Amino acid sequence: MARITASVYTSHVPAIGAALDLGKTHEPYWQKVFAGYDYGKQWVKDNRPDVIFLVYNDHATAFSLNLIPTFAIGTAAEYEVADEGFGPRPVPKVMGHPELASHIAQSVIQQDFDLTIVNKMPVDHGLTVPLSLMFGQKDPVKEAWPCPVIPFAVNVVQYPVPSGRRCYELGKAIRRAVASFDEDLNVHIWGTGGMSHQLQGPRAGLINREWDNAWLDKLINDPEACASVPHIDYVREAGSEGIELVMWLIARGAMADAAGGPKPVLKHRFYHVPASNTAVGHAILETV
Amino acid sequence: MARITASVYTSHVPAIGAALDLGKTHEPYWQKVFAGYDYGKQWVKDNRPDVIFLVYNDHATAFSLNLIPTFAIGTAAEYEVADEGFGPRPVPKVMGHPELASHIAQSVIQQDFDLTIVNKMPVDHGLTVPLSLMFGQKDPVKEAWPCPVIPFAVNVVQYPVPSGRRCYELGKAIRRAVASFDEDLNVHIWGTGGMSHQLQGPRAGLINREWDNAWLDKLINDPEACASVPHIDYVREAGSEGIELVMWLIARGAMADAAGGPKPVLKHRFYHVPASNTAVGHAILETV
Amino acid sequence: MALEKPYKDVPGTIIFDAEQSRKGYWLNQFCMSLMKPENRARFKAEERAYLDEWPMTEEQKQAVLARDLNWCMRTGGNIYFLAKIGSTDGKSFQQMAGSMTGMTEEEYRDMMINGGRSAEGNRYIGEDGDAQPHHQPQGSAGKTQGA
Amino acid sequence: MALEKPYKDVPGTIIFDAEQSRKGYWLNQFCMSLMKPENRARFKAEERAYLDEWPMTEEQKQAVLARDLNWCMRTGGNIYFLAKIGSTDGKSFQQMAGSMTGMTEEEYRDMMINGGRSAEGNRYIGEDGDAQPHHQPQGSAGKTQGA
Ligand SMILES: [Fe+3]
Ligand SMILES: [Fe+3]
């Protein structure tokens, strides 16, 4: 039986990818960011997942305004790395897990989540930066990511994005779906994006350290309450792009305690300002 | 205030479109089909909608296996008529209603339906055959459809399709969405597809007159019970493509009585076998 | 996979679920390519060469070349996609559906005019309706060809 | 339209909702076209001619030519789409975001290193934070250009 044993939360700032790809990781500015992931890199080596269910958002890369799925699940065998304007990031292509992904799609749709099933989708920094942060640099041709990834894209570009509550409930549904898959697989679920940032207008550059940390406390210790935070609070307190944080609630809803099981253990927590325009947050929860 | 005043239900058999386009409407075979729509053609003239919210399914036309939205709402200004292999049907292009469509999308997503928003989508016989049946033949260039149409495409091609219950609840959400639109608009909602038919395998050609009519009784008089019919009953009793009938429940859920209002009046009901491989069903419900 | 698939016991019927979709992905995407007139022309001109451009299985290619829609479906084809092959050949949906039963065009058309195939005996595998495996092929077309 | 839009009272912020999306549809689709290297080259070679291929409003075209991202946003642009213009110009996301504040690159970068813009006074229109309309433009870049 497949099971979700851990969740990883992290920002997915494009500049982090650029810093990695351009060899800037030892500059003091970036050193402070990457140091926060040293623990996670070791932890994921010691707790190697068989599959990662990776929740992220597409940033006008695979999806233009022609088609905007609220929730899109990738059921393909592989995904190319997108060219976001500077050529594709020099990282390995992403291998999928069609069997588990299709199984989750079927189960979650039958639990009344109206997913869009996708079989062709270039993946952008939202998905590849978290992989780079946790697995380090990989040669795009000679190396491979250590395990298959199921991309799950959430619309946070055009309002209305799904509510925190909807995301949290979806996480619960994903947990049930994974538990009904016959093969014995250790699945990690990652929630990415955020934390506070605003990329637009005279209010660009907004960061809210206090709110971010209070929200993270709530995510870890009282996810039900965290799921009740309305959209407008994210916008007002954490900037217009801070809304990406709702994606972390999908991963959180997939942990055992949301289904009445044991509380997860906080293995690691990290917060840093800034990476480019953004506050970087990172946490690891494990069910022991 | 916009309001949904009527719902129209009809099969959308491609051969009906071909019969119309090739001038076969007076052949006895087709005469029996088209006669069933004489009432509706007059009724829709006398009860002209400002906008039609048209629920249908795409038949591997706009959507391939690359991307399969469970529910897709069209918010574009216009939609081209698809070439399904014999050239586009000679009918006017379909004009949308971007303001109302976007409003419904926003409201329905906030009611926890995970729609995909679409702005570029060629529309196939699933959408154009019902228009032809109700409005008659139109010159593709010199004439226009009498009113804007909001296309709403439901996945019934790849299993799992949404349940009848999910569709019925979605109809209720659409009703609430329409009611919160400020402009004074008379909106009709159409549910299309079905009735019993199977297009595949040694069981192709299955028709179930008794089941179809019992289901239609239930749809009209006891929609709550009708919404509880499980998928497998459609497949077993009404053929593998009979599953299209779940789309009629979206239209039914949008009628006043599903929200505690008055029962609609049955203005017309028609049933005929066959049109090509399919049982043709048609009904009109009006809230008076 | 522990998902319930109650539709497996319906005779003469393949439900296009995620599993079928995975199996038939390239077959169906090949069919989709036939929506474009230039692709139809290329396919008609040299079928095998056109098929070889797609990462389909050899069996899928053989099934397409044989125009055996039941075989195509067993290898993951979906009828709405397979219908593009029919359009390319100038076939109607009734001709395509009929071809899967073993009946001639006339036999199938007459069955439909007479009210279609009955659900009696065709709800569960193991009953005795005309869609059951032991009654295939149903018509004289199938009998002469050996289906 | 009677849908609640509580995000209208946040200063210096335009939420990209259905209304903005309708308004900015062609502007954003133009931006999307810049994902292809050949389109970037064509745009760079003759900006106005390339823009004229799109059914954008004249104002949208002027806003793009002026590289005024605030103006682009008012006409329906979304920042993730507009970022493709920045990529074409070789600008980083930090440079693009900073350009909307009136600050120089250094001023904006320093603000971020020092913990970013505070939410204090910037939650509701009518407070007195630095993102409020009456404090624009904020930096010396805006002051010299007149923004
Ligand atoms: Fe992001
Ligand atoms: Fe249909």
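Letters go in sequence order (proteins before strands), and every chain restarts at 1. Small disclaimer: the values here were computed from a predicted structure and weren't measured.
With chain C as partner, the option from Asn66(B), Val273(B), Thr278(B), Leu65(B) having the largest number of non-hydrogen pairs under 4.5 angstrom is Leu65(B). Residue with the most contacts toward chain B among Ser21(C), Pro11(C), Gly116(C): Ser21(C) (heavy-atom pairs, distance under 4.5 Å). Across Pro14(B), Gly85(B), Ala60(B), the residue that shares the most heavy-atom pairs under 4.5 angstrom with chain C is Ala60(B).
In this model, no donor atom of one side chain and acceptor atom of the other lie less than 3.5 Å apart for Thr13(C) and Gln200(B). With 3.5 Å as the limit, one finds a donor-acceptor pair spanning the side chains of Asn277(B) and Tyr108(C).
Looking only at distances, no side-chain donor or acceptor of Gln29(C) sits under 3.5 Å from a matching main-chain atom of Ser64(B). Of the possible donor and acceptor atoms, one in the side chain of Arg117(C) sits under 3.5 Å from a partner among the backbone N and O of Pro202(B).
Looking at Arg236(B), the atoms closer than 4.5 Å to chain C (heavy atoms on both sides) sit in the backbone and in the side chain alike. Using a 4.5 Å cut-off between heavy atoms, Leu199(B) touches chain C through backbone and side chain atoms alike. In this structure, chain B has heavy atoms under 4.5 Å from both the backbone and the side chain of Asp9(C). For Ser118(C), the part lying under 4.5 angstrom from a heavy atom of chain B is the backbone only. Interface residue Asn208(B): only side-chain heavy atoms are found under 4.5 Å from chain C. Of the atoms belonging to Met112(C), heavy atoms from both backbone and side chain fall under 4.5 Å from chain B. Residue contact with chain B, scored on non-hydrogen atoms closer than 4.5 Å, involves the side chain of Arg109(C) exclusively. Contact annotation for Phe63(B): only backbone heavy atoms (N, CA, C, O) come within less than 4.5 Å of a heavy atom of chain C.
The two residues Asn70(C) and Gly201(B) have their closest heavy-atom pair at OD1-CA, 3.2 Å. For the residue pair Gly115(C) and Ile207(B), the shortest heavy atom distance occurs at O-CB, 3.3 Å. Between Tyr159(B) and Tyr7(C), the shortest heavy-atom contact is CE2-CE2, 3.5 Å. The two residues Ile79(C) and Glu241(B) have their closest heavy-atom pair at CG2-OE2, 4.2 Å. Contact detail for Phe86(B) and Lys91(C): the closest heavy-atom pair is CZ-O, 3.9 Å. Smallest separation of non-hydrogen atoms from Glu84(B) and Ser87(C): O-OG, 3.9 Å.
Residues forming a side-chain contact (heavy atoms from CB on, under 4.5 Å) with Gln20(C) (at least two apart in sequence, or on another chain): Ile14(C), Phe16(C), Asp17(C), Lys23(C). Applying the side-chain hydrogen bond (donor to acceptor under 3.5 Å, both in side chains) test to Gln62(C) and every residue at least two apart in sequence or in another chain returns Glu58(C).
Within 6.0 Å of NZ in Lys120(B) there are 12 or fewer heavy atoms belonging to other residues, nucleotides or ligands. In Lys138(B), the NZ atom is crowded: over 12 heavy atoms of neighbouring residues, nucleotides or ligands sit closer than 6.0 Å. The environment of Glu38(C) atom CD is dense: over 12 non-hydrogen atoms of other residues, nucleotides or ligands sit within 6.0 angstrom.
Under the side chain to side chain donor-acceptor pair (under 3.5 Å) criterion, the residue pairs touching residues 21-35 of chain B are Asp21(B)-Arg89(B), with sequence neighbours excluded.
Residues of residues 122-132 of chain C that come within less than 4.5 angstrom of chain B, heavy atom to heavy atom, are Asn122(C), Arg123(C), Tyr124(C), Ala131(C) in numerical order.
Using a 4.5 Å heavy-atom cutoff, the side chains of Val10(C) and Arg203(B) are in contact.
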